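Here the structure comes first, spelled out in C-alpha cells, and everything after it is commentary.
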Amino acid sequence: MNEIYQNAALSLPDGMPIVWLSKLLGKSGVERVRGTDFMRAVTAMSCGLGLRHFYVGGAPGTAAALSAKLIAAHPGLEVVGALCPPFRELSAAENLETVEEINAARPDVLWIGLGAPKQERWMAANFDRIDAPVMVGVGAAFDFLAGTKPEAPKWLQRSGLEWLFRLACEPRRLWRRYAIVVPTFLCLSARELLLRRLMKVQKV
C-alpha cells in the first residue's frame with residue numbers, strides 16, 4: 001500500500017489525526033481535506049468546465065442515487081456513467097467489462113467509492129487500462145453525498161472523532177476496521193515521533 005500511495009499524483013489528508021501528526025512532525029500549513037468536501041468542490045466547478053463524470057462504487061443503487069443528487073444540485077453537470085460492482089473481488093472477465101464500460105463513456109473524472117484500501121488497489125491495478133485522465137478514490141463520500149448514510153456533525157469532524165460517529169452508525173460493519181486501524185495508527189505515530197526525537201538528540 002505504501003508504494004501505491006507514494007505513486008499517487010495527489011494524496012490528501014482526509015482525517016484530523018493525519019493533520020495533527022503532520023504538524024507534530026514539523027509540517028506547517030497542513031489542513032484537512034475530506035474526500036466528501038473535495039468531491040463537492042470539484043463537482044461544483046466542473047459544470048463551467050464541461051467535465052464528464054463517472055461513478056464506480058457503493059451498495060446497489062448508490063452510484064445512481066449519487067448521480068441524481070449531484071445533477072439536481074448542479075444543473076448542467078455531465079454524468080456519463082454509474083456502476084455498483086459486487087462487493088466481492090471481481091473476476092478477470094468482470095473487471096475487464098467494468099473497464100470497457102468506463103472507457104466507452106469517455107469520462108474526464110472517474111470517481112471510485114469502493115472504500116480504502118480496496119479502491120486504491122483497484123486504481124493501481126487498472127491504471128494502465130483506464131483512459132480517464134483522472135481517477136479519485138473518495139470512499140464513503142458516495143454514501144454521504146447520495147444521502148444514504150449520515151455525515152458526522154462538523155464539531156465531531158473538527159475534533160477528529162468522525163470515525164467514532166461512523167462506528168456508532170455502523171458498528172457491525174466497522175468495528176473490526178477501527179479495532180485494527182486506530183491502535184495501529186497510534187503505535188506507528190508514537191514510533192515515528194520517538195524516532196524523530198532520538199535523531200534530534202543524536203545530532204545534538
Side-chain angles (χ1 to χ4, degrees), residues 1-5 7-12 14-15 34-36 38-40 42-43 51-72 77-152 162-163 165-182 184:
M1 280 306 302
N2 184 56
E3 183 179 354
I4 291 175
Y5 285 121
N7 289 332
L10 180 67
S11 293
L12 299 173
D14 184 69
R34 297 174 69 241
T36 307
F38 181 77
M39 192 173 185
R40 281 193 182 105
V42 173
T43 299
L51 297 179
R52 298 158 57 86
H53 299 262
F54 198 115
Y55 309 113
V56 177
T62 299
L66 170 69
S67 174
K69 284 266 185 152
L70 293 180
I71 289 173
L77 181 69
E78 191 169 1
V79 176
V80 294
L83 287 174
C84 292
F87 186 72
R88 59 173 170 77
E89 196 72 27
L90 297 180
S91 68
E94 289 172 328
N95 189 68
L96 179 60
E97 184 178 347
T98 299
V99 169
E100 288 178 343
E101 184 169 347
I102 293 168
N103 288 340
R106 298 183 295 107
D108 298 302
V109 186
L110 175 61
W111 299 96
I112 311 295
L114 299 175
K118 183 178 180 180
Q119 63 195 15
E120 285 77 16
R121 288 175 175 150
W122 188 89
M123 288 188 289
N126 293 283
F127 179 80
D128 293 331
R129 304 175 184 177
I130 298 290
D131 293 336
V134 178
M135 289 192 289
V136 189
V138 289
F142 276 32
D143 292 305
F144 298 149
L145 294 178
T148 56
K149 292 180 183 177
E151 283 192 84
E162 185 173 5
W163 67 271
F165 176 86
R166 293 189 61 195
L167 178 61
C169 292
E170 299 182 86
R172 294 183 64 182
R173 188 177 76 85
L174 296 176
W175 76 266
R176 191 182 304 274
R177 176 198 296 184
Y178 289 126
I180 296 172
V181 169
V182 174
T184 301

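Here the structure is a predicted model, which means the values were calculated and not measured.
- Listed by first and then second residue, the salt bridge (charged side-chain N to carboxylate O under 4.0 Å, His left out) pairs that reach into residues 80-99 are R88-E94, sequence neighbours excluded.
- With values rounded to the nearest 0.5 angstrom, M135 atom CE is found 6.0 Å from F127 atom CZ.
- The side-chain hydrogen bond (donor to acceptor under 3.5 Å, both in side chains) check on S11 picks up nothing, with sequence neighbours excluded.
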For M39 and F142, run side chain to side chain contact (heavy atoms under 4.5 Å, CB included): C-alpha distance rounded to whole Å, both residues' side-chain angles, the deciding distance at 0.1 Å, then the answer. CA-CA 9 Å; M39 192 173 185; F142 276 32; 3.9 Å; yes
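- Distance OG1/T43 to CG/L145: 7.0 Å, rounded to 0.5 Å.
- N103 places a side-chain N or O within donor-acceptor distance of the main-chain N or O of R129, the cut-off being under 3.5 Å.
- A132 meets the side chain to side chain contact (heavy atoms under 4.5 Å, CB included) test with P107, L110, I130; sequence neighbours excluded.
- Qualifying side chain to side chain contact (heavy atoms under 4.5 Å, CB included) partners for R106, counting only residues two or more places apart in sequence or in other chains: R52.
- Crowding of Y5 atom OH: a count of heavy atoms from other residues, nucleotides or ligands under 6.0 Å exceeding 12.
- The stretch residues 107-125 participates, sequence neighbours left out, in these side-chain hydrogen bond (donor to acceptor under 3.5 Å, both in side chains) pairs: H53-W111, N95-W122.
- Counting all heavy atoms, side chain and backbone alike, E162 lies closest to F144 at OE2-CE1, 4.2 Å.
- Contacts of R176 classified as salt bridge (charged side-chain N to carboxylate O under 4.0 Å, His left out), with partners at least two apart in sequence or in another chain: none.
- For the side chain to side chain contact (heavy atoms under 4.5 Å, CB included) test, residues two or more places apart in sequence or in another chain that qualify with R173 are K149, R166, E170, R177.
- Under the 3.5 Å distance criterion, the side-chain polar atoms of T62 are left unmatched by any main-chain donor or acceptor of D143.
- Residues L70 and Y55 have side chains in contact (heavy-atom distance under 4.5 Å, counting atoms from C-beta outward).
- The distance from the OG1 atom of T148 to the CG atom of L66 is 8.5 Å, given to the nearest 0.5 Å.
- Here the shortest heavy-atom pairing between C84 and G57 reads SG-O, 3.3 Å.
- The salt bridge (charged side-chain N to carboxylate O under 4.0 Å, His left out) contacts involving residues 54-64 comprise nothing, where partners must be two or more places apart or lie in separate chains.
- In this structure, the ring pair (Phe, Tyr, Trp, His ring centres under 6.0 Å) partners of Y178, at least two apart in sequence or on a different chain, are W163.
- Residues passing the side chain to side chain contact (heavy atoms under 4.5 Å, CB included) test with K69, sequence neighbours excluded: none.
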